[in-house]
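All of these numbers come straight from a predicted model, not from anything done at the bench.
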Amino acid sequence: PAELPLIGGEWLGPPPPPGLESLRASKAAEIIGGAEAVLAPLAAEYGASERLTWDQQSVEARALQADPAADAPLLRAMATARGMDVLELVTRVLRNEAAWKIVSGTIIGQRQALWDRLELATSPADVMAIAVTYTRPEA
């Protein structure tokens, strides 16, 4: 139509309003990015290689808690390198694990609740009404 701001066949007017799927994709990225923005700095205190040992640390800590003579090469090596009693390290590992579970569980639960709302959104207004905020639990 002649009233549209076209030059050389190109639309130069304001962009059309985004469609529902485009808004969903944008909101999904915001939801995921928001959760990562909260959790990543907490995990960044530990290197990627150390984070890869978290599951093994947990297994060994539980084994040592049940039997101080249990096989626990990772925790024993860590404790020796730190000049620390291995059972003190067990206490710290389990305390850190519990704290991480609370923080990460809270943030992941909030992310999942936002995702649930996004999946139920049936209009652009529904999607735009989703405020992406995360609240860390207080320790």
Side-chain angles (χ1 to χ4, degrees):
E3 69 275 0
L4 296 178
L6 292 174
I7 296 182
E10 247 183 85
W11 170 257
L12 298 178
L20 180 59
E21 290 314 307
S22 170
L23 284 171
R24 278 180 189 268
S26 178
K27 189 61 72 170
E30 183 182 356
I31 289 168
I32 293 167
E36 286 303 308
V38 174
L39 292 175
L42 301 174
E45 177 182 334
Y46 309 93
S49 296
E50 184 174 351
R51 287 192 307 271
L52 291 173
T53 71
W54 284 0
D55 287 341
Q56 184 62 31
Q57 287 184 45
S58 177
V59 167
E60 290 186 17
R62 283 181 171 47
L64 286 166
Q65 189 178 44
D67 176 7
D71 184 41
L74 178 64
L75 290 187
R76 289 188 192 285
M78 290 170 59
T80 298
R82 291 177 76 173
M84 173 188 290
D85 179 74
V86 72
L87 295 180
E88 170 63 23
L89 184 56
V90 164
T91 300
R92 291 182 185 197
V93 166
L94 295 176
R95 183 177 54 231
N96 287 344
E97 178 186 44
W100 176 253
K101 285 178 179 179
I102 292 168
V103 171
S104 64
T106 299
I107 300 304
I108 291 167
Q110 291 172 20
R111 185 200 61 77
Q112 291 171 341
L114 290 165
W115 198 266
D116 291 345
R117 287 188 56 204
L118 181 60
E119 287 182 337
L120 294 173
T122 58
S123 71
D126 291 344
V127 174
M128 291 186 295
I130 299 171
V132 178
T133 59
Y134 292 94
T135 304
R136 282 179 42 186
E138 295 304 319

Worksheet entry | OG on Ser58 to CG on Asn96, rounded to 0.5 Å | 11.5 Å
Practice prompt. To the nearest 0.5 angstrom, please state how far the CG atom of Leu114 sits from the CD atom of Glu119.
Written response: 11.5 Å
Looking at every non-hydrogen atom in both residues, tell me the closest pair between [X] and [Y] and how far apart they are.
{"X": "Leu94", "Y": "Ala61", "answer": "CD2-CB, 3.8 Å"}
{"X": "Pro137", "Y": "Val103", "answer": "CG-CA, 3.9 Å"}
{"X": "Tyr134", "Y": "Gln110", "answer": "CA-OE1, 3.1 Å"}

Discussion item. Can you pull out every ring pair (Phe, Tyr, Trp, His ring centres under 6.0 Å) where at least one residue sits in residues 43-65? Sequence neighbours excluded, please.
Written reply: Tyr46-Trp54, Trp54-Trp100
Worksheet entry | Glu50 vs Gln57 side-chain heavy atoms within contact, under 4.5 Å | yes
Item to complete: Quick one: list whatever passes side-chain contact (heavy atoms from CB on, under 4.5 Å) with Ser22, sequence neighbours left out.
Response: Pro18
Response to the item:
The side-chain contact (heavy atoms from CB on, under 4.5 Å) partners of Ser123 (sequence neighbours excluded) come to Ala125, Asp126
If we ignore hydrogens and angles and just use 3.5 Å, is the side chain of [X] paired with the main-chain N or O of [Y] as donor and acceptor?
{"X": "Arg111", "Y": "Thr106", "result": "no"}
{"X": "Gln65", "Y": "Val90", "result": "no"}
{"X": "Thr91", "Y": "Leu87", "result": "yes"}

Worksheet, complete the sentence: So salt bridge (charged side-chain N to carboxylate O under 4.0 Å, His left out) across residues 78-103, not counting sequence neighbours, yields Arg62-Glu97, Glu88-Arg92, Glu97-Lys101
Discussion item. Heavy-atom count check: over 12 atoms from other residues, nucleotides or ligands less than 6.0 Å from Asp55 CG?
Written reply: no
Side-chain atoms of residues 27-45: list all donor-acceptor pairs with protein atoms under 3.5 Å, sequence neighbours left out, distances to 0.1 Å.
| from | atom 1 | to | atom 2 | distance (Å) |
| --- | --- | --- | --- | --- |
| Lys27 | NZ | Glu30 | OE1 | 3.3 |
| Lys27 | NZ | Ile130 | O | 2.7 |

Show me the side-chain donor-acceptor pairs of residues 67-76 shorter than 3.5 Å, one per line, residues at least two apart or across chains.
| from | atom 1 | to | atom 2 | distance (Å) |
| --- | --- | --- | --- | --- |
| Asp67 | OD1 | Ala69 | N | 3.0 |
| Arg76 | NH2 | Pro68 | O | 2.9 |
| Arg76 | NH2 | Ala70 | O | 2.8 |

Fill in: Joint cluster assignment, Ile102 & Ile108, ILVMFWY side-chain distance < 4.5 Å
no
